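Residue numbers run from 1 in the order of the sequence given. Computed from a prediction, not measured in an experiment: that's the story for all the values here.
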Amino acid sequence: MRFPVRPRGVWAYVRSAPGTYVWLLVLFFTTVAVHHMSAEFQEEFLRQRSTNINELSDRPVRVLISSAMWIDGWWTPYVVLYSVFHASVERWLGTVRWLVVCVASHVLATLISQGAVWRAIRDGSAPASAADTMDFGVSYALAGVVAVLAYRIARPWRYGYVAGVLGVCVVPLVFSRTFTDLGHFTAALVGFCCWPLTRGRGGEVWNPEETVGALRR
């Protein structure tokens with residue numbers, strides 16, 4: 001099946017969500033940079049930009065920002081995820097409100113999940129080396145944005161969407177119970193709690209085909 005996506009539609013869609021695509025462009029360049037690093041240098045480089053306990057203690061603001069500019073793996077899947085979720089929410093709420101959701105989800109999920117690591121170290125259930133673990137990426141902000149998008153889905157489909165989001169976050173939290181699982185669950189809850197930001201912005205009309213439709217115009 002072919003989707004006749006038009007360049008004019010693509011450019012109009014990108015311009016309507018500037019924050020999303022500037023962020024995506026940054027991720028492209030940082031991903032290329034990471035893939036040109038040696039394995040040894042890459043590990044230390046990313047560790048210094050991770051929101052682990054040691055870095056948060058020394059440079060909290062710097063690592064909270066820088067950790068959201070690097071990803072583990074290749075850039076391509078994020079083009080789809082950002083276009084479907086981030087761009088849809090930015091177009092709906094506006095860049096400022098979208099950014100509030102992203103920042104709140106990323107920061108609160110990071111602090112709570114690393115707080116759990118700190119407590120585990122203090123209780124002796126985790127080694128002291130856990131304070132220097134890798135913790136970077138964009139998944140917390142994405143989880144928050146995916147969650148807040150629920151308020152733009154018509155009932156009763158909204159309830160199935162919410163159940164799906166919670167299922168994706170809760171199942172790993174129950175079975176694997178890593179700090180990142182806690183972070184994703186927290187970020188989703190933050191996204192759901194961002195309901196006040198959606199007031200006055202319209203709703204109950206979004207579906208994934210909207211993105212394709214916009215690109216075809």
Side-chain angles (χ1 to χ4, degrees), residues 16-24 26-27 49-52 56 60-61 63-73 77-117 135-153 157-174 176 178-204 206-208 210-211:
S16 67
T20 294
Y21 289 100
V22 168
W23 192 3
L24 197 57
V26 170
L27 292 178
R49 286 153 181 80
S50 295
T51 47
N52 53 50
L56 282 172
V61 175
V63 295
L64 281 169
I65 295 173
S66 63
S67 63
M69 302 301 162
W70 304 85
I71 54 178
D72 185 17
Y78 292 92
V79 177
V80 176
L81 293 172
Y82 271 53
S83 296
V84 172
F85 295 107
H86 276 298
S88 295
V89 171
E90 186 178 1
R91 284 160 54 90
W92 170 41
L93 297 181
T95 299
V96 174
R97 295 189 187 195
W98 161 79
L99 188 59
V100 170
V101 176
C102 292
V103 171
S105 301
H106 176 68
V107 172
L108 292 176
T110 295
L111 296 180
I112 289 175
S113 61
Q114 287 301 318
V117 174
D135 185 23
F136 63 91
V138 299
S139 59
Y140 293 163
L142 180 60
V145 164
V146 169
V148 79
L149 192 58
Y151 298 111
R152 205 181 176 207
I153 297 176
W157 310 112
R158 178 183 300 174
Y159 306 124
Y161 182 88
V162 170
V165 172
L166 289 176
V168 169
C169 295
V170 170
V171 171
L173 183 62
V174 171
S176 60
T178 67
F179 74 89
T180 53
D181 295 330
L182 175 61
H184 292 139
F185 177 70
T186 301
L189 292 184
V190 171
F192 289 133
C193 289
C194 287
W195 170 78
L197 295 175
T198 71
R199 298 180 65 180
R201 308 303 291 188
E204 301 195 347
W206 180 82
N207 64 73
E210 170 181 282
T211 300

Heavy-atom closest contact ([X] atom, [Y] atom, distance):
X	Y	result
V165	A188	CG1-CB, 4.2 Å
S67	T51	OG-CG2, 3.3 Å
A141	S105	CA-CB, 4.1 Å
V117	F179	CG2-CB, 3.6 Å
G19	W98	C-CH2, 3.4 Å
L108	V190	CD1-CG2, 3.9 Å

Kindly write out the residues that satisfy side-chain contact (heavy atoms from CB on, under 4.5 Å) with V22, not counting sequence neighbours, or none if the list is empty.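 With neighbours one apart ignored, the set is empty.
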Checking L173 now: which residues fulfil side-chain contact (heavy atoms from CB on, under 4.5 Å) with it, not counting sequence neighbours? D181, L182, F185
Are side-chain heavy atoms of [X] and [Y] found at a separation under 4.5 Å?
X	Y	result
P18	T95	yes
V100	L197	yes
L56	T110	yes

In chain order, what residues pass the side-chain hydrogen bond (donor to acceptor under 3.5 Å, both in side chains) check against S113, with sequence neighbours excluded?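 Counting only residues at least two positions away or on another chain, S113 forms no side-chain hydrogen bond (donor to acceptor under 3.5 Å, both in side chains).
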Reported [atom1]-to-[atom2] distance for the pair [X] and [Y], which is rounded to 0.5 angstrom:
X	Y	atom1	atom2	value
L111	T186	CG	OG1	10.5 Å
N52	Q114	CG	CD	6.5 Å
L81	T20	CG	OG1	12.0 Å
S50	W70	OG	CH2	11.0 Å
Y21	L27	OH	CG	12.5 Å
H86	C102	NE2	SG	5.0 Å

So Y78 and Y82, would you call those rings parallel, tilted or perpendicular, with 30° and 60° as cut-offs?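 Ring orientation, 0 to 90° scale: perpendicular.
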Going by the angle between their ring planes, with limits at 30° and 60°, are H106 and Y140 parallel, tilted or perpendicular?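 The rings of H106 and Y140 sit tilted, inter-plane angle from 30° to 60°.
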Derivation of the side-chain contact (heavy atoms from CB on, under 4.5 Å) call for W23 and M69: CA-CA 8 Å; W23 192 3; M69 302 301 162; 4.0 Å; yes
V89 vs Y151, side-chain contact (heavy atoms from CB on, under 4.5 Å): CA-CA, chis, key distance, verdict: CA-CA 10 Å; V89 171; Y151 298 111; over 6 Å; no
Going by atom types alone, do T180 and T178 pair a side-chain donor with an acceptor below 3.5 Å?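 T180 vs T178: donor-acceptor pair found between side chains.
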So, the side chain of W92 versus the backbone of L149: is there a donor-acceptor pair under 3.5 Å, distance only? no
